[in-house]
Amino acid sequence: MTTKIIPVLMSGGAGTRLWPLSRTGRPKQFHRLGGEHSLIQDTALRLTGAGFAAPVVVCAAAHADLAREQLQAVGITPQALITEPAPRNTAPASVAAAAFGAQIDPQALMVLMHADNLVADVAALHGAIEAGRAAAEAGEIVLLGLKPTGPSTLYGYIQAKGDGAVRKVARFVEKPDLATAQQFVADPNFTWNGGMFLFKAGAFLDEARRLAPEVTAAAQAAVEGAARAGDLVALSPAFLEAPSIAIDVAVMEKTDRASVVEADIGWADVGNWGALWELSDKTGRGDALEGEVVAVETKDCLARTDGPVVVLAGVEDLVVVVEDGVVLVTRRDAPAAVRAGVEALKAGGRGDLL
């Protein structure tokens, strides 16, 4: 019987709000964003030690070599790289990972996390995982509920009920308005939903089969029919038969087996340039600068360049990014505008820049 927890690194995100750094060939999880390692390297490193098995990575086929190379560069050899023929959202990917784990051992515990987040307190993360272990072994799907740092409207929330370190989930609330978010942050029963799960492979698969039969049938067939070569597990085209749906919608909002452990781990999504500015070291005038940047009479800007000199003069609250021959200039508080710019390039036939 497997006793070590199997980490699952979900590495399918595109990170379009961090364009032009994050691109199709190298999305944000493969970049350093202020630290020594890339985001996927940091995610894998925080799930190592005596209690963890080698990780499983779920990613696009085009990113498998890059994922392996980056993990091996920090001394981690993944036990499997599960590659999707095309992205189908988090439910099919999560179920495929569970089906793979169940082939190893249906009793195996798996901890599933996105590969593109930051966690400041690794000891607290391990503590939260350990706190949820017994419930997961008993068949619960345990979420790590992230302690909010403020009334964010960017994240979903989990409401817990009952007492103890592990509490039953009362409901999920998707991205509330500001007034509602302020109420949630003031209520100790609410945490952010960062998509972190701890579960027994077989139990999760059984619940997915009951609540999302189409997703589960396609994902299991894709694992069973996968082409395997070394550490590569290339999901079969059956995967494309799965509806494109989030795991929260497909399973978690319907199940009565959801529990939550509060995790005060210093989590950050780094989902856009404004979020990266918040997390970055800054000058006395609030500027976050990387590369050859000269800033004169500026305030609260983020600027980074991979080569050409950038001069900022007399501006505030701007983002200027020069990356691989492309220049982005936007407001720091306008993440949706970056995504709109990406869509405009796509519509204009400039997918080569994405």
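From a predicted model like this one, the values you see are computed outputs, not experimental measurements.
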Exercise. Taking atom CG of L302 and atom CH2 of W273, what is their separation to the nearest 0.5 Å?
Worked result: 6.5 Å
Exercise. Heavy-atom count around D177 CG within 6.0 Å, excluding the residue itself: above 12?
Worked result: yes
Problem set entry | Note, V320 side chain near L328 side chain (heavy atom, < 4.5 Å) | no
For this session: Please answer whether the main-chain N or O of L45 pairs with a side-chain N or O of T48 as donor and acceptor at a distance below 3.5 Å.
Result: yes
For this session: Please confirm whether the backbone N or O of G195 pairs with a side-chain atom of N193, one donor and one acceptor, at under 3.5 Å?
Result: yes
For this session: Kindly state each residue pair satisfying ring pair (Phe, Tyr, Trp, His ring centres under 6.0 Å) with at least one member in residues 111-148, sequence neighbours excluded.
Result: F52-H126
Problem set entry | Salt-bridge criterion met for E290 and R304 (N-O under 4.0 Å) | yes
For this session: Locate the shortest heavy-atom distance separating V251 from L211; write the atom from each residue and the value.
Result: O-CD1, 3.7 Å
Exercise. If you take all heavy atoms of G101 and A201, which pair is closest and at what distance?
Worked result: C-CB, 3.9 Å
Problem set entry | Pairwise side-chain contact, V8 with V58, heavy-atom cut-off 4.5 Å (strictly under) | yes
For this session: Enter the distance from S22:OG to L33:CG here, rounded to the nearest 0.5 Å.
Result: 8.5 Å
Exercise. Distance from R285 atom CZ to K299 atom NZ, nearest 0.5 Å?
Worked result: 7.5 Å
For this session: Taking all non-hydrogen atoms of both residues into account, name the closest pair between T298 and G314 and its distance.
Result: CG2-N, 4.1 Å
Problem set entry | Derivation and outcome, side-chain hydrogen bond (donor to acceptor under 3.5 Å, both in side chains), residues T191 and E262 | CA-CA 7 Å; T191 51; E262 183 175 278; over 6 Å; no
For this session: Could you check V270 against D116 for side chain to side chain contact (heavy atoms under 4.5 Å, CB included), going step by step and ending with a plain yes or no?
Result: CA-CA 8 Å; V270 207; D116 58 358; over 6 Å; no
Exercise. For L9 and Q29, what are the C-alpha separation, side-chain angles and deciding distance, and is it a side chain to side chain contact (heavy atoms under 4.5 Å, CB included)?
Worked result: CA-CA 10 Å; L9 312 185; Q29 60 266 31; over 6 Å; no
Exercise. Near K282 NZ, under 6.0 Å, is it more than 12 heavy atoms from other residues, nucleotides or ligands?
Worked result: yes
Exercise. So among I6, D42, I5, L125, which one has a side chain to side chain contact (heavy atoms under 4.5 Å, CB included) with L47?
Worked result: L125
Problem set entry | Note: R32-E36 ion pair, threshold 4.0 Å (strictly below) | no
Exercise. So do the side chains of L318 and R332 get within less than 4.5 Å of each other, counting heavy atoms only?
Worked result: no
For this session: Please check if atom CG in D281 has more than 12 non-hydrogen atoms from other residues, nucleotides or ligands closer than 6.0 Å.
Result: no
Exercise. Taking side chain as C-beta onward, heavy atoms only, is V233 less than 4.5 Å from F100?
Worked result: yes
Exercise. Would you say the side chain of L312 lies within less than 4.5 Å of the side chain of V294, judging by non-hydrogen atoms?
Worked result: no
Seminar exercise, completed: In short, salt bridge (charged side-chain N to carboxylate O under 4.0 Å, His left out) pairs touching residues 197-222 with sequence neighbours left out are D206-R209, E207-R210, E207-R257
Exercise. Does atom NZ of K168 have more than 12 heavy-atom neighbours, drawn from other residues, nucleotides or ligands, at distances under 6.0 Å?
Worked result: yes
Exercise. Is a side-chain N or O of T283 found less than 3.5 angstrom from the main chain of D287, in a donor-acceptor match?
Worked result: yes
Exercise. Do you know which two heavy atoms are closest between P7 and A53, and how far apart they sit?
Worked result: CD-O, 3.3 Å
Distance-only donor-acceptor pairs under 3.5 Å for side chains of residues 142-156, two or more places apart:
residue, atom, partner, partner atom, Å
S152, OG, L154, N, 3.0

Exercise. With a 4.5 Å heavy-atom cut-off, do L21 and K28 have their side chains touching?
Worked result: no
Problem set entry | From NZ (K161) to CZ (R167), nearest 0.5 Å | 11.0 Å
Please set out all donor-acceptor pairs under 3.5 angstrom arising from side-chain atoms of residues 78-89, sequence neighbours excluded.
residue, atom, partner, partner atom, Å
Q79, NE2, A54, O, 2.7
R88, NE, A242, O, 3.0
R88, NH2, A242, O, 2.8

For this session: Begin from the C-alpha positions of R331 and D333 and carry the test salt bridge (charged side-chain N to carboxylate O under 4.0 Å, His left out) through to its verdict.
Result: CA-CA 5 Å; R331 296 195 321 275; D333 62 352; 3.1 Å; yes
Exercise. When rounded to the nearest 0.5 angstrom, what distance separates CG in L71 from NE2 in H37?
Worked result: 11.0 Å
Anything under 3.5 Å between a donor and an acceptor, one on a side chain of residues 338-345, the other on a protein residue two or more places apart or in another chain? List them.
residue, atom, partner, partner atom, Å
R339, NE, T16, OG1, 3.4
E343, OE2, K346, NZ, 3.4

Exercise. Which pair of heavy atoms, one from Y157 and one from A181, lies closest together, and at what distance?
Worked result: OH-CB, 3.7 Å
Problem set entry | Separation of L205 CG from Q103 CD (nearest 0.5 Å) | 9.5 Å
Exercise. R23 and V326: side chain to side chain contact (heavy atoms under 4.5 Å, CB included), yes or no, with the steps?
Worked result: CA-CA 11 Å; R23 303 201 196 185; V326 176; 3.5 Å; yes
Exercise. Tell me, do V111 and F199 make a side-chain contact under 4.5 Å, heavy atoms counted?
Worked result: no
Problem set entry | Nearest atoms (heavy-atom pairs only) where A219 meets V95 | CB-CG1, 3.7 Å
Exercise. Quick one: salt bridge (charged side-chain N to carboxylate O under 4.0 Å, His left out) pairs with a partner in residues 224-249, sequence neighbours left out?
Worked result: R68-D231
Exercise. Below 4.5 Å, heavy atoms only, C-beta onward: do I141 and F197 meet side chain to side chain?
Worked result: yes
Problem set entry | Test log, rule side chain to side chain contact (heavy atoms under 4.5 Å, CB included), inputs M196 and W267 | CA-CA 11 Å; M196 297 184 181; W267 175 87; 3.3 Å; yes
